[in-house]
Engineer: 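Below is one structure. I have some questions about it.
We use all heavy atoms of the structure for the numbers below, so side chains are in, but hydrogens, waters and symmetry mates are not.
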Amino acid sequence: MKLEKINSMFKKRGGLKLYNKLYEDNAGETKIAMQYLCDGSACYALENLPLFDGDTICGLIGVDLEKDFNCFVSITPKWLLAALEDSDDSDIPVCPAAEMFGYTVFRTYYNSEERNFPEVCLFVLPELLSPLSDKKYEFYSRTVTVDGEDVRVIIAKAGLITKAVILPHSFNDYECTRNLKILKNAFEELQEQELLNNMNGDDRTEIVL
């Protein structure tokens with residue numbers, strides 16, 4: 001995971017959350033097993049790093065403590081712990097299928113008669129994926145329960161280990177209406193091009209500028 005990408009992304013935020021995953025050692029003492037840096041849209045594991053607090057985490061991402069920058073430090077909530085599990089029965093393998101409306105579109109990419117996954121289509125801000133550009137990650141759509149409501153999230157795994165949790169984008173009514181109009185026009189144009197290709201035996205003339 002590219003730490004500098006996390007740093008540059010979180011510098012733009014007005015605040016962040018530092019979550020501590022706790023455990024009890026053999027002596028019964030509570031200790032921190034892992035820390036996660038979150039901004040409300042994504043959560044990344046801080047691995048192979050010293051432990052941070054509300055002040056030192058600002059130093060990690062290069063934020064001036066004298067500026068108006070809030071850091072909330074707390075125990076990792078239960079729903080996020082569930083999202084950060086390395087596997088879950090609700091997991092559906094997905095992959096980045098296209099770029100649309102300034103977002104990366106994740107869709108179900110593997111189905112078979114033996115494992116017929118539900119079709120999933122989720123939108124994610126590309127900048128939330130930038131810290132994951134250091135290696136090949138596998139992505140899954142997972143359902144977690146937040147305040148009694150089932151919410152679908154995207155998790156990134158390196159091998160068998162979950163490294164990040166990302167919330168999909170939810171479009172408002174205006175964005176939905178605007179994007180549906182764009183999709184309708186694009187669909188009609190693609191249909192027309194497909195028809196022309198079939199009529200011409202797919203013998204297309206390419207114009208190079």
Engineer: Please step through side chain to side chain contact (heavy atoms under 4.5 Å, CB included) for the pair K17 and Y19, ending with a clear verdict.
Structural biologist: CA-CA 6 Å; K17 297 176 181 178; Y19 285 128; 3.3 Å; yes
Engineer: Closest heavy-atom contact between Y109 and V94?
Structural biologist: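 For Y109 versus V94, the nearest heavy atoms are CD2-C, 3.6 Å.
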Engineer: Mind checking whether F171 and Y103 have parallel, tilted or perpendicular rings, split at 30° and 60°?
Structural biologist: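 Ring orientation of F171 relative to Y103: perpendicular.
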Engineer: Which pair of non-hydrogen atoms, one from L183 and one from F101, has the smallest distance, and what is that distance?
Structural biologist: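 The answer is CG-CZ, 3.7 Å.
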Engineer: Under 4.5 Å between side-chain heavy atoms, hopping through other hydrophobics if needed: is there a path connecting V151 to I166?
Structural biologist: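 Per the 4.5 Å side-chain linkage, V151 and I166 are not co-clustered.
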Engineer: Where do F139 and I154 come nearest, in terms of heavy atoms and distance?
Structural biologist: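 Nearest pair, atom of F139 first, then I154: CD2-CG2, 4.0 Å.
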Engineer: Calculate, to the nearest 0.5 Å, the distance between atoms CE and CG belonging to M34 and L49 respectively.
Structural biologist: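 One gets 9.5 Å once the value is rounded to the nearest 0.5 Å.
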Engineer: Examine K31 relative to Y23 and say whether NZ or CZ is less than 6.0 Å from the centre of the six-membered ring and inside a 45° cone about the ring axis.
Structural biologist: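 Pair K31/Y23 does not count as cation-pi.
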Engineer: Return the OG1 to CD1 distance between T177 and I182, rounded to the nearest 0.5 Å.
Structural biologist: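 Answer rounded to 0.5 Å: 11.0 Å.
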Engineer: Do you know which two heavy atoms are closest between V124 and P168, and how far apart they sit?
Structural biologist: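 Of all heavy-atom pairs spanning V124 and P168, the closest is CG2-CA, 4.4 Å.
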Engineer: Could you tell me which residues satisfy side-chain contact (heavy atoms from CB on, under 4.5 Å) with D88, sequence neighbours excluded, listed by chain and number?
Structural biologist: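 D88 satisfies side-chain contact (heavy atoms from CB on, under 4.5 Å) with S90, D91, R142 once adjacent residues are dropped.
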Engineer: Using 0.5 Å steps for rounding, measure from the CG atom of L128 to the CG atom of D39.
Structural biologist: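 So the gap between those two atoms works out to 6.5 Å.
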Engineer: What's the separation between atom CG in L132 and atom NZ in K157, rounded to the nearest 0.5 Å?
Structural biologist: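 Here the interatomic distance stands at 14.0 Å.
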Engineer: Quick one: do the T162 and E85 side chains pair a donor with an acceptor below 3.5 Å?
Structural biologist: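 No - no donor-acceptor pair under 3.5 Å links their side chains.
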Engineer: Can you give me the closest heavy-atom contact between I155 and A83, atom names plus distance?
Structural biologist: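 Shortest heavy-atom separation between I155 and A83 comes out as CG2-O, 3.4 Å.
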Engineer: Quick one: list whatever passes side-chain contact (heavy atoms from CB on, under 4.5 Å) with E189, sequence neighbours left out.
Structural biologist: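 E189 satisfies side-chain contact (heavy atoms from CB on, under 4.5 Å) with E192, Q193 only.
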Engineer: So, taking the atom named OH in Y137 and the one named NZ in K163, what distance separates them when rounded to the nearest 0.5 Å?
Structural biologist: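 The NZ atom of K163 is 7.0 Å from OH of Y137, to the nearest 0.5 Å.
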Engineer: Do L84 and Y140 belong together in a cluster built from hydrophobic side chains that touch within less than 4.5 Å?
Structural biologist: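 Hydrophobic grouping puts L84 with Y140.
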Engineer: So do R107 and V120 actually touch side chain to side chain, heavy atoms under 4.5 Å?
Structural biologist: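 Contact flag for V120/R107 side chains = no.
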Engineer: Determine whether V73 and L16 fall in the same hydrophobic cluster, where Ile, Leu, Val, Met, Phe, Trp and Tyr are linked whenever their side-chain heavy atoms lie under 4.5 Å apart.
Structural biologist: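 V73 clusters together with L16.
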Engineer: Side chains of L81 and K21: does their closest heavy-atom pair fall under 4.5 Å?
Structural biologist: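 A side-chain contact under 4.5 Å exists here.
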Engineer: Taking CG in N185 as the centre, count heavy atoms belonging to other residues, nucleotides or ligands within less than 6.0 Å. Is the count above 12?
Structural biologist: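 Yes - once you tally the heavy atoms of other residues, nucleotides and ligands closer than 6.0 Å, there are more than 12.
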Engineer: Determine whether V105 and L122 make a side-chain contact, defined as any pair of heavy atoms from C-beta on separated by less than 4.5 Å.
Structural biologist: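 Counting from C-beta outward, V105 and L122 never come under 4.5 Å.
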Engineer: Does any part of the side chain of R152, heavy atoms only, come nearer than 4.5 Å to the side chain of I92, both counted from C-beta?
Structural biologist: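 A side-chain contact under 4.5 Å exists here.
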Engineer: Tell me whether the count of non-hydrogen atoms from other residues, nucleotides or ligands lying under 6.0 Å of CG in D173 goes above 12.
Structural biologist: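 Atom CG in D173 is not crowded, with 12 or fewer foreign heavy atoms closer than 6.0 Å.
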Engineer: For L195, does the CG atom sit with more than 12 other heavy atoms under 6.0 Å from it, leaving out its own atoms?
Structural biologist: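 Buried by this count: over 12 neighbours within 6.0 Å.
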Engineer: When you look at L129 and F106, which way does the side chain to side chain contact (heavy atoms under 4.5 Å, CB included) test go after all the steps?
Structural biologist: CA-CA 12 Å; L129 302 172; F106 280 82; 3.9 Å; yes
Engineer: Between T56 (side chain) and F52 (backbone), is there a donor-acceptor pair under 3.5 Å?
Structural biologist: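 A pair under 3.5 Å: no.
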Engineer: Show the numbers, then the answer: is there a side chain to side chain contact (heavy atoms under 4.5 Å, CB included) between L80 and V146?
Structural biologist: CA-CA 9 Å; L80 185 54; V146 184; over 6 Å; no
Engineer: Which value, rounded to the nearest 0.5 Å, describes the distance between I32 atom CD1 and N20 atom CG?
Structural biologist: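 The CD1 atom of I32 sits 3.5 Å away from the CG atom of N20.
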Engineer: So do L190 and E194 actually touch side chain to side chain, heavy atoms under 4.5 Å?
Structural biologist: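 Side chain of E194 against side chain of L190, heavy atoms only: no contact under 4.5 Å found.
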Engineer: Decide whether D150 and T145 meet the rule of one side-chain donor and one side-chain acceptor closer than 3.5 Å.
Structural biologist: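 Checked: D150/T145 side chains pair up, N/O donor to acceptor below 3.5 Å.
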Engineer: Any side-chain heavy atom of V144 sitting closer than 4.5 Å to one from V153?
Structural biologist: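 Yes, their side chains come closer than 4.5 Å.
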Engineer: Would you say that L22 contacts I75 through its side chain, given a criterion of any heavy-atom pair below 4.5 Å between the two side chains?
Structural biologist: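 They are in contact (side-chain heavy atoms under 4.5 Å apart), so the answer is yes.
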Engineer: Provide the closest heavy-atom pair for C43 versus C38 in the form atom of the first, atom of the second, distance.
Structural biologist: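 So the two residues come closest at SG-SG, 2.8 Å.
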Engineer: Decide yes or no for L18 and L46: does some side-chain heavy atom of the first lie under 4.5 Å from some side-chain heavy atom of the second?
Structural biologist: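 A side-chain contact exists here, since the closest heavy-atom pair is under 4.5 Å.
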